K.L.:
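The structure follows.
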Amino acid sequence: MDERTSLTVVLAAGEGTRMRSSRPKVLHTMAGRPLIGHVLAAVGQAGGRVAVVIGPGREDVAAAVRRQVPGAEVFVQAERRGTAHAVLAAGDALARPADDILVVFADTPLITTATLERLRGAVAAGAAVAVLGFRPVDPTGYGRLVVENGELRAIREEKDASPAERMLTLCNAGVMAFDGRRAKAILERIGDRNAKSEFYLTDAVEIARAMGSNVVAIETEEDEVRGINTQAQLAEAEAVLQRRLRQQWLDAGVTMVAPETVFLCADTRLAPDVVIEPYVVFGEGVVVEEGAVIRSFSHIEGAHIVRGARVGPFARLRPGADLGEDVHIGNFVEVKAVVIEAGAKANHLAYLGDGRVGEGANIGAGTIFCNYDGVAKHQTEIGKGAFIGSNSSLVAPVTVGAGAYVATGSVITHEVPADALAIARGRQVVKENRASRLLQMKSAGKKKPVHAAD
Ligand code: UD1
Ligand code: CA
């Protein structure tokens, strides 16, 4: 079907007041991506031009659209007068020829490219209008598909439906495809004589039939067309998407012991033979290469992890954590914007922020890269094979040369040259038999009367 030209109109002018949130509905996220981003991804894979209809003053939605699809045309529906009215707001995009025109809702984020292709296929086969239907567990609020003798006659909005029509179980998912040559004529005939005094896109079915055109319904699963109107529905859709993403990575050869406890992002990239233990959360921008192991309770975002690396349990990788081959990042270690070269290890309790750790270096427990001076961030460079003793503070900007040795408990403020030993801590003083005397002095002091001024 690639030789056929397509236009997709994404309707996003809804306010979504039932989310009880100051954020516009379509910018709420699922698997780290805004709802409208999921729809645009499915649309993008189907190909063709994209037009998005937003509400007035929604520069934030327009920006999100342009970030993901720079070539998208954005239109403003000045007044919210119904779904057909919203489609016509994209008039300039409709005016240019297309073989088919898809209409999708930005608050229906689980839609797949395959289903959009099925609708386009129905139009290619001669239908003037193809409607996506589904059988929800609870049809309340949805438009009902009125099918007689196997033919789609009409879509009745719940508010306008007769009691008999309300008993129908096949509902309108909201996704429709139009034949590009007939779309405009159909859309322009839609009126607003209904319970809501809105221009209903659903009226297209009866109008197309009256024009003698062919109309078809295509069915899909409820999970693909869940609309998001409330926070609870957002959470349900997230669960559906997480199941999909886990399945996708299991199919690709990733091992997950308890997939239902692993949370993925839409853009997470995993390779075959990656092992993910239970309870791992992936934020945006993570790439994990073949054979890496992510142990339980790790939180990972913006990180690149290569072959043989071991992360966690209880590790936190933040944007710019770049782990080389066989690197080990252990429990309670936080890494941000640090390149860690092959074979280096930080196995316990450390903060590594802004810098580089050379090949095979060993970072002791409790090491801190003191990267922030209250105003700016500075770099810490650790050379190949260096050893950083436990509980050391490296005050950036600072460099530790290759093969250097930093003694435990040091506060390093100056460069440590290659192969040097740096000890930067108070010398130990031992005073024989002084412990009990010290305690006696302290308890005597405690018995003194306490003055109000204290
Ligand atoms: C719509 C359908 C209904 C279907 C349901 C599926 C119509 C008349 N009804 O009802 O048959 O079962 O979706 O979820 O089409 N929008 C605009 N501008 C407007 C009105 C709506 O952009 O003036 C956008 C909304 O942002 C939303 C979409 O269109 O993305 C659907 O609008 P909504 O008001 O949620 O329609 P429903 O009543 O759910
Ligand atoms: Ca809706």
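Predicted, not measured: the structure shown is a model, and the values here were computed from it. Numbering of ligands and ligand atoms starts at 1, following listing order.
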K.L.:
Between the side chains of Arg166 and Glu158, is the shortest nitrogen-to-carboxylate-oxygen separation below 4.0 Å, so that they form an ion pair?
P.N.:
no

K.L.:
Evaluate Asn172 for polar contact with ligand 1, using N/O atom pairs at a separation under 3.5 Å.
P.N.:
yes

K.L.:
Would you say the side-chain atoms of Arg316 pair up with the backbone N or O of Phe314, donor to acceptor, closer than 3.5 Å?
P.N.:
no

K.L.:
Would you call the rings of Tyr279 and Phe297 parallel, tilted or perpendicular, taking 30° and 60° as the class edges?
P.N.:
parallel

K.L.:
Considering Thr83, Leu132, Val9, Ile54, which one's heavy-atom position lies nearest to atom 7 (C) of ligand 1?
P.N.:
Thr83

K.L.:
Between Ser213 and Arg182, is the side chain to side chain donor-acceptor pair (under 3.5 Å) condition met? List the steps.
P.N.:
CA-CA 9 Å; Ser213 292; Arg182 289 174 279 183; 3.2 Å; yes

K.L.:
Is it the case that atom CZ in Arg246 sees more than 12 heavy atoms from other parts of the structure closer than 6.0 Å?
P.N.:
yes

K.L.:
Counting from 1, what ligand 1 atoms have a heavy atom of Tyr200 closer than 4.0 Å?
P.N.:
8 (C)

K.L.:
If hydrogens are left out, which of Asp107, Leu145, Val225 has an atom nearest to atom 35 (O) of ligand 1, that is, the closest non-hydrogen atom?
P.N.:
Asp107

K.L.:
Does the N or O separation between Gln77 and ligand 1 drop below 3.5 Å for any pair?
P.N.:
yes

K.L.:
Out of Cys171, Gly82, Pro24, whose heavy atom is nearest to atom 19 (C) of ligand 1?
P.N.:
Gly82

K.L.:
Quick one: does Arg96's side chain get under 4.5 Å of Glu73's, heavy atoms only?
P.N.:
yes

K.L.:
Residue-level breakdown please: for Glu198 versus ligand 1, do any non-hydrogen atoms fall below 4.0 Å on the side chain, on the backbone, on both, or on neither?
P.N.:
neither

K.L.:
Does the N or O separation between Gly143 and ligand 1 drop below 3.5 Å for any pair?
P.N.:
yes

K.L.:
Purely on distance, is any nitrogen or oxygen of Gly141 under 3.5 Å from one on ligand 1?
P.N.:
no

K.L.:
Out of curiosity, is Ala13 lining ligand 1, as in a heavy atom under 4.0 Å away?
P.N.:
yes

K.L.:
Heavy-atom distances under 4.0 Å are what count here, so tell me which part of Ala173 touches ligand 1: side chain, backbone, both or neither.
P.N.:
backbone

K.L.:
Compare all side-chain heavy atoms of Val205 with those of Asp203 and state whether any distance is below 4.5 angstrom.
P.N.:
no

K.L.:
Just to check, does Arg81 reach to within less than 4.0 Å of ligand 1 when the distance is taken from its heavy atoms?
P.N.:
yes

K.L.:
If the test is side-chain contact (heavy atoms from CB on, under 4.5 Å), which one of Ile228, Asn229, Thr29 qualifies with Leu234?
P.N.:
Ile228

K.L.:
Is ligand 1 under 4.0 Å from a heavy atom in the side chain of Ala86, in the backbone, in both, or in neither?
P.N.:
side chain

K.L.:
Decide yes or no on salt bridge (charged side-chain N to carboxylate O under 4.0 Å, His left out) for Glu236 and Arg226, but give the supporting numbers first.
P.N.:
CA-CA 9 Å; Glu236 282 166 26; Arg226 285 173 184 279; 3.2 Å; yes

K.L.:
More than 12 heavy atoms of other residues, nucleotides or ligands under 6.0 Å from CD of Glu221: is that the case?
P.N.:
no

K.L.:
Would you mind finding which of Glu157, Arg18, Arg80 brings a heavy atom closest to atom 10 (O) of ligand 1?
P.N.:
Glu157

K.L.:
So for ligand 1, is Leu201 a polar contact partner (N or O within less than 3.5 Å, distance only)?
P.N.:
no

